[in-house]
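Structure record follows, encoded as C-alpha cells.
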Amino acid sequence: AEDKIKREEAQKKASELTLRVEYQGVLHSVMCHKSDTLAQALALTHESVGLADAGIALGDIRLRDYSPALRVPKEDFAGREQETLEKLGFYSWKQLFLETKAPGAEWERFDPNMTTYSIRKFIPAQGTYTEPFKIAISKEATLGQLKALLATRPEIGLPADRQRAVLVNYTAVELVGDEATLAGGHRVLEAATISIEEVTEPGKESLIIQRFNEERNLIKLTYNLLGRQPFDQSIRISREKTLRQFKEAIQDVIGKPADQFHCERSYQYGGLFRYEDQTLYGSAVRDGDSIRIIDGAPIKPDEYGLIFVKLDPKAPVTAKPEEIMKSNVAGDTQVSAIAGLLAAKLGVEADHIRIREKIGNKPGKILRQGKTFKDNNVYLSEGRELVVETLAEPDRLGADEILLVARRWYPEKELLEEATHELVFGQSATLEQVRRAIGTRFEVDPAHVRVAKSWYHYNPVYDAMMGAKFEDATDDNLKFLNQHPFYMKEGDMLIWKDGRVPEKIKPNGVNADGVSSYDSSSASPAGATRPGRAPREPGRDRRPG
C-alpha cells in the first residue's frame, strides 16, 4: 500500500508543470497538469493573476506563445483550446503571453507571415523619442510599404516622402532604398526598434545618427588644477575632439591660456601628450581617464623634458641628485643654448658650464657646446638626467679630446686615493703620452708610472681595483687609449701607481697574511664599504675580475 501511494505521488508529480505567463511586464507562475486543456490553463491563469478582481472577463483574455528573446507574442492557438497541454508541447517553465481585449471586440488573428516592429518618432527640439508602439507588417514588406503604413498612424503624422528610418542598435544606420525588403534587403530583425525622423533638408545627415555618435563618443575625464595633486575637476567631452580642443575647454578653469600648460597621462608609463592635433581617441584616452595638468609651454613632438642635476661626489650611490632645472630639448637644440639657461640660473658665464651625460651616479661623456644634442649623439628620453658642472675657468676642451678621472694607488698601503683628478687626452693618445702627462701633473718620473683602467667606479678599493691590470712600459708607443686593452671613454677612471713600489697583491689576489687584498676592512682609512652592502667577512676570498 505504501509503495502504491509513492507511485501515485510520483506519477502526479511527473504530470505537473509550471507555466510562466507574462502580463504587463510581470511574470506569473501558474501550476497546471499535462492533462489540462488550454481552456483549463486559461481559467487557472485568470484566477492566478487576479483578473476577475480587475474586472476582466475570462472571455476577454487568451494565451499566446511568446519569444523572451524578441519580447514579442507569437502563435495564438486559435481553435486548439480543447487540446491538452501535453499535446500542445507545453513543458515546465514554458513562457506564454497573456493578452487582453476590450469587451465585444474581435481578436486580431495571428499570421505567421507577419512580423512585428517597434516604432518611435524622434523629436529634434527635445532630443528625445516618443513612446514606442508596435506595428505588424508582412515579412516581405519593403521599406516604402512600411513608410506608407506609418503615414496613416497618428503617432507619426508624416507623409512617406518626409520620413527617414534609422536603425539604432550598437550603431546607428539609416535605412536607404524604399524598394528593398525590411527583412532581406535591410536585414531588420523581428521586434527591432525603428526610429523615424522628419526630413527637413534632403541630403542632410540624420539628426538621430549625429546624436548617437555624440553620445557614443562622449567620455568623462578628470584633471587637476595647477599645483594640486587630486584630480578633483571633471569634464564630459567627445573623444573625437583634439587635445588642443580639450585644453581650450578647460583653460578657464585652469586659469591660464591653453598654450601655457601641457598635459600628461596620470597612470604609470603614460608620458606626455606630444601631438595636440591628434584626437583623444587617437591618443588612446579612455572614458574615466585622469589627465595631469602641468605648468609650462606644451612640448613639441620632437622635444623631451630633460632634468639637469648637480652631483655630489661624496653622496651615497642611492642619493637623489640636486635638481637645477628642467627644460624641453630637441635633437636640433644647441647645447650652448641650454648652457646659457643654466648659466643664468647659476649666476656664472656660459663658458663656465659643462654638461655631461649621467651614467649611474657618475658623470660621463661631455656635451660639446659647439654642437647640437643630436650631433653629440645624446639619446633623448622623457625625464632623462644630465649632469651640470661649473668650472673655475672657461671650458677649453677640444672636440677630439676626452676627459678622464685619475686616482692614485698606493701598493704599500693597499690604499686608493680618495681625491680624483681630471686629465684631458686626445682620443688616440698613446700609453707613453699618458705616462708623461701623469708624471708631469703629479711630479713623478714618467718611466716609473704604471696605469690601469678601473672597470668599477665605487669608492671602496675592492670595487675600484677589481679587474684592474697595470700595464708595463713595454711598447708604450703601440698602446692607445681607444684600443685594447683600455677602450677608454669620456668619464672613465684611470688608476696609476709608482712602479718602483712593490705590490703586496699576489697573483691569486691574496696578500702575504692570507687575506683578500680587496677585503672591505682594507678598502680605505675610513673603512668604507660598498653602498647597500654589509662589510665582507675577513678571510673571505674575492679574486679580481
Side-chain angles (χ1 to χ4, degrees), residues 205 209-309 323-342 344-345 355 367 372-376 378-386:
E205 185 183 6
I209 296 178
Q210 289 183 15
R211 179 173 177 268
F212 175 84
N213 290 332
E214 290 175 359
E215 291 181 350
R216 183 184 63 175
N217 292 321
L218 204 62
I219 58 176
K220 181 180 179 181
L221 302 177
T222 58
Y223 60 95
N224 64 295
L225 297 176
L226 288 175
R228 297 181 58 181
Q229 290 294 330
F231 299 99
D232 51 4
Q233 306 296 317
S234 64
I235 184 175
R236 295 189 68 84
I237 188 170
S238 172
R239 60 180 179 173
E240 296 300 323
K241 299 289 186 181
T242 64
L243 180 64
R244 176 73 183 184
Q245 292 172 320
F246 164 73
K247 292 172 60 178
E248 291 173 348
I250 66 173
Q251 62 183 2
D252 291 340
V253 180
I254 297 298
K256 279 193 172 185
D259 58 357
Q260 294 185 17
F261 63 90
H262 54 279
C263 302
E264 181 183 61
R265 303 179 195 275
S266 65
Y267 50 86
Q268 192 177 17
Y269 309 122
L272 294 168
F273 291 101
R274 301 184 180 280
Y275 303 92
E276 293 203 342
D277 294 334
Q278 197 172 41
T279 64
L280 296 175
Y281 178 77
S283 301
V285 177
R286 301 162 298 184
D287 185 32
D289 278 357
S290 296
I291 307 297
R292 190 178 304 280
I293 306 301
I294 303 173
D295 196 10
I299 291 183
K300 298 178 182 179
D302 60 342
E303 288 183 339
Y304 296 87
L306 302 186
I307 304 174
F308 297 87
V309 300
E323 182 180 316
I324 299 176
M325 76 171 192
K326 294 180 180 178
S327 182
N328 299 336
V329 174
D332 58 356
T333 302
Q334 290 288 335
V335 175
S336 57
I338 301 300
L341 297 176
L342 290 166
K345 189 95 172 174
I355 303 175
L367 278 59
T372 64
F373 280 82
K374 181 180 180 179
D375 293 336
N376 275 287
V378 179
Y379 174 73
L380 299 179
S381 61
E382 192 64 35
R384 183 179 183 184
E385 293 180 340
L386 296 180

Residues, nucleotides or ligands: over 12 heavy atoms within 6.0 Å of Gln229 CD | no
Would you check, one step at a time, whether the test side-chain contact (heavy atoms from CB on, under 4.5 Å) holds for Leu221 with Ser234?
-> CA-CA 6 Å; Leu221 302 177; Ser234 64; over 6 Å; no
Would you find a donor on one side and an acceptor on the other, under 3.5 Å apart, between the side chain of Asn328 and the backbone of Glu303?
-> no
Side-chain contact test, heavy atoms from C-beta onward, threshold under 4.5 Å: evaluate it for Phe231 versus Ile293 and give yes or no.
-> no
Residue pair Leu380 / Leu306, side-chain heavy-atom distance below 4.5 Å | yes
Listed by chain and number, what are the side-chain hydrogen bond (donor to acceptor under 3.5 Å, both in side chains) partners of Asp287, not counting sequence neighbours?
-> none
What are the two closest heavy atoms between Asp289 and Ala284, and how far apart are they?
-> OD2-O, 4.1 Å
Is the charged tip of Arg274 near the ring of Tyr304: under 6.0 Å from the six-membered ring centre and within 45° of its axis?
-> yes
Hey, could you give me the CZ/NZ distance between Arg236 and Lys220, rounded to the nearest 0.5 Å?
-> 7.0 Å
With rounding to the nearest 0.5 Å, note down the distance linking CD1 in Ile291 to OG1 in Thr222.
-> 7.5 Å
Just how far is it from atom CZ of Arg286 to atom CG of Leu280, taken to the nearest 0.5 Å?
-> 13.0 Å
Flag side-chain contact, heavy atom, 4.5 Å: Asn224 against Arg292 = yes
Polar side-chain atom of Glu382 near backbone of Gly305 as donor-acceptor pair, under 3.5 Å | yes
Does some side-chain heavy atom of Val285 sit less than 4.5 Å from a side-chain heavy atom of Phe246?
-> no
Beyond-backbone contact of Phe273 with Ser283, side-chain heavy atoms, under 4.5 angstrom | yes
Separation between CD (Glu205) and CG (Asn213), nearest 0.5 Å, reads 7.0 Å
Under the salt bridge (Lys or Arg N to Asp or Glu O under 4.0 Å) rule, collect the residues that match up with Glu323, sequence neighbours excluded.
-> none
Partners passing salt bridge (Lys or Arg N to Asp or Glu O under 4.0 Å) against Asp232 (at least two apart in sequence or in another chain) | Arg228
Is it true that the side chains of Thr242 and Thr279 contain a donor and an acceptor less than 3.5 Å apart?
-> no
Mind checking the OG1-CG spacing from Thr372 to Asp332? Nearest 0.5 Å is all I need.
-> 7.0 Å
Which residues satisfy the side-chain hydrogen bond (donor to acceptor under 3.5 Å, both in side chains) test with Gln251, sequence neighbours excluded?
-> none
Side-chain contact, heavy-atom cut-off 4.5 Å: Arg384 with Tyr379?
-> yes
Sequence neighbours excluded, the answer for side chain to side chain contact (heavy atoms under 4.5 Å, CB included) partners of Leu341 is Met325, Ser327, Ile338
His262 side chain vs Ile299 backbone, donor-acceptor pair below 3.5 Å = no
Asn217 (side chain) donor-acceptor with Glu214 (main chain) under 3.5 angstrom | no
Walk me through it: do Ile355 and Val335 pass the test side-chain contact (heavy atoms from CB on, under 4.5 Å)?
-> CA-CA 8 Å; Ile355 303 175; Val335 175; 4.0 Å; yes
Do Cys263 and Leu243 come close enough that some side-chain heavy atom pair is under 4.5 Å?
-> yes
Could you give all pairs that pass the salt bridge (charged side-chain N to carboxylate O under 4.0 Å, His left out) test and reach residues 250-261, with sequence neighbours left out?
-> Lys256-Asp295
Give the minimum heavy-atom separation between Ala258 and Pro298, together with the two atoms involved.
-> O-CG, 4.2 Å
Interatomic distance, CD1@Ile219 vs CD@Glu240, rounded to 0.5 Å, equals 9.5 Å
Side-chain touch Ile324/Val309, heavy atoms, less than 4.5 angstrom | no
Is the cationic atom of Lys247 (NZ for Lys, CZ for Arg) positioned less than 6.0 Å from the six-membered ring centroid of Phe261 and within 45 degrees of its normal?
-> yes
